[in-house]
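Notes to accompany the following structure.
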Number of protein chains: 2
Amino acid sequence: MGTPTARPEAELDDKDRAILRILQQDNKTPQRLIAEQVNLSAPAVQRRIARLESAGVIRGNIAVVDPAALGLGTSVMVEVHSASDRAVVLDGLKQQFRDAPEVQQCYHVGGNGGFIVIVHVQDIAAFDALARRLFSENELVYSFRSLVVLDPVKVSLAIEV
Amino acid sequence: MGTPTARPEAELDDKDRAILRILQQDNKTPQRLIAEQVNLSAPAVQRRIARLESAGVIRGNIAVVDPAALGLGTSVMVEVHSASDRAVVLDGLKQQFRDAPEVQQCYHVGGNGGFIVIVHVQDIAAFDALARRLFSENELVYSFRSLVVLDPVKVSLAIEV
DNA sequence: GCCTCTGACGCAGCAAAATTGCACGGAACG
DNA sequence: CGTTCCGTGCAATTTTGCTGCGTCAGAGGC
């Protein structure tokens, strides 16, 4: 239930995939233009998109904003090790990370990695304050390792379709 | 030049931020509705969005698709340590990761972390093949640590505005 | 082999959304 | 106090998205 996700296995043909490729780059692309590239009519594209959305294949439509433009020039990846692997503890941590607006992404990983958390803050000082609140003073956290991002080489949510 | 990003410091007022908050959740929201929530007229919202886009604050508009729905049910975070810290090597690795479609995100981090890479693949076997090609057999890579994602607790590109 | 049913398509028309032109009002400046 | 500049709202236009309808091709039943 961690992810309220989509259907087991929708079957997508080449045109669906082509449409997804376009929308993952720019979902403001007019359906008419998509239609040309996919050899369909605009209404057909419209119907396919609607189907993909209600099937959960398309999970959302969002604007991507530049953190730097908002003064959030510092990104940090944090490897968080929980105090225990009991479900209560893990679930508690998940909830905390979900609720924290500075946390942009969070993954629970195996291989003794615990949680990988990506946060965006104004500067190192702000991160220090956040880390204190979210990790150091957190009873559910055993230890954590902070990796400051030097270069966001590639940032996206796109997947290969 | 790693990030062809935006202006030094655009000044955003409360309404800009409110608009960004909405668009980060759903950029298909009609400007009319945004206008209501922000106490502006629709054209005013339109002009502000246009300004935010050309200023680079809004970096793109994308559809988010569910990896699981596409058969990419396995996500792995990889901590990659480069063979050296020379610019040629680092730049080479960055380019390789940018070019690999399985790589969704990649960050160059300090603190001896090297690179953090997020990949999406079909299954563990596919990851093994990918890791061999991208890491094991890569002269620019010294070592790497694979952390399989058990639960994508929070996945987004949104930032607090 | 034929019929029917289902699903997807394109076309045409309609509704809704985005965009532009224009005139007004307030703030900064001289 | 007048001028300029920036952002706004209103109204009109253009573009886009959506829906109804008739057609067609393939799957399955008889």
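First the proteins, then the strands, lettered A, B, ... as listed; each starts at 1.
- Base contact: A:Arg47 has a heavy atom under 4.0 Å from a base atom.
- From one end of the helix from C:dG1-D:dC30 to C:dG30-D:dC1 to the other, with five pairs defining each end axis, the axis direction shifts by 30° (rounded to 10°).
- Note: CG (A:Asn61) to P (D:dG17) measures 12 Å, nearest angstrom.
- In this structure, A:Lys94 does not pair ionically with A:Asp99, as no charged nitrogen and carboxylate oxygen lie closer than 4.0 Å.
- We find that NZ of A:Lys15 is positioned 12 Å from C1' of C:dG10, with the value rounded to whole Å.
- One interatomic measurement links the two molecules: CG of B:Leu12 to C1' of D:dG7, which rounds to 15 Å at whole-angstrom precision.
- Among all heavy-atom pairs drawn from A:Asn112 and A:His81, the shortest one is O-CE1, 2.8 Å.
- DNA chain D lies under 4.0 Å from at least one heavy atom of each of the following residues of residues 26-43 of chain B: B:Leu40, B:Ser41, B:Pro43.
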Show your reasoning for whether side chain to side chain contact (heavy atoms under 4.5 Å, CB included) applies to A:Val57 and A:Glu53.
-> CA-CA 6 Å; A:Val57 177; A:Glu53 277 178 348; over 6 Å; no
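- Regarding A:Asp13, its CG atom lies at a distance of 16 Å from the P atom of C:dG7, rounded to whole Å.
- More than 12 heavy atoms of other residues, nucleotides or ligands shown are found within 6.0 angstrom of CZ on A:Arg17.
- Atom P of nucleotide D:dG7 and atom CD1 of B:Ile19 are separated by 13 Å, given to the nearest angstrom.
- Between the side chain of B:Lys154 and the main chain of A:Val103, a donor-acceptor pair closer than 3.5 Å is present.
- Across every non-hydrogen atom of B:Val153 and A:Arg98, the tightest pair is O-NE, 3.3 Å.
- One interatomic measurement links the two molecules: CD1 of B:Ile49 to C1' of C:dT20, which rounds to 16 Å at whole-angstrom precision.
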What side-chain donor-acceptor pairs closer than 3.5 Å can you find for residues 124-136 of chain B, not counting sequence neighbours?
| unit_1 | atom_1 | unit_2 | atom_2 | d |
| --- | --- | --- | --- | --- |
| B:Asp128 | OD2 | B:Arg132 | NH2 | 3.2 |
| B:Arg133 | NH2 | B:Glu102 | OE2 | 2.9 |

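- In the set C:dG21, D:dT19, C:dA18, the nucleotide with an atom closest to the side chain of A:Gln46 is D:dT19.
- Shown here for A:Glu11 and A:Asp16, the closest heavy-atom pair between the two residues is O-OD2, 4.4 Å.
- Smallest separation of non-hydrogen atoms from B:Ile62 and B:Asn27: N-ND2, 4.1 Å.
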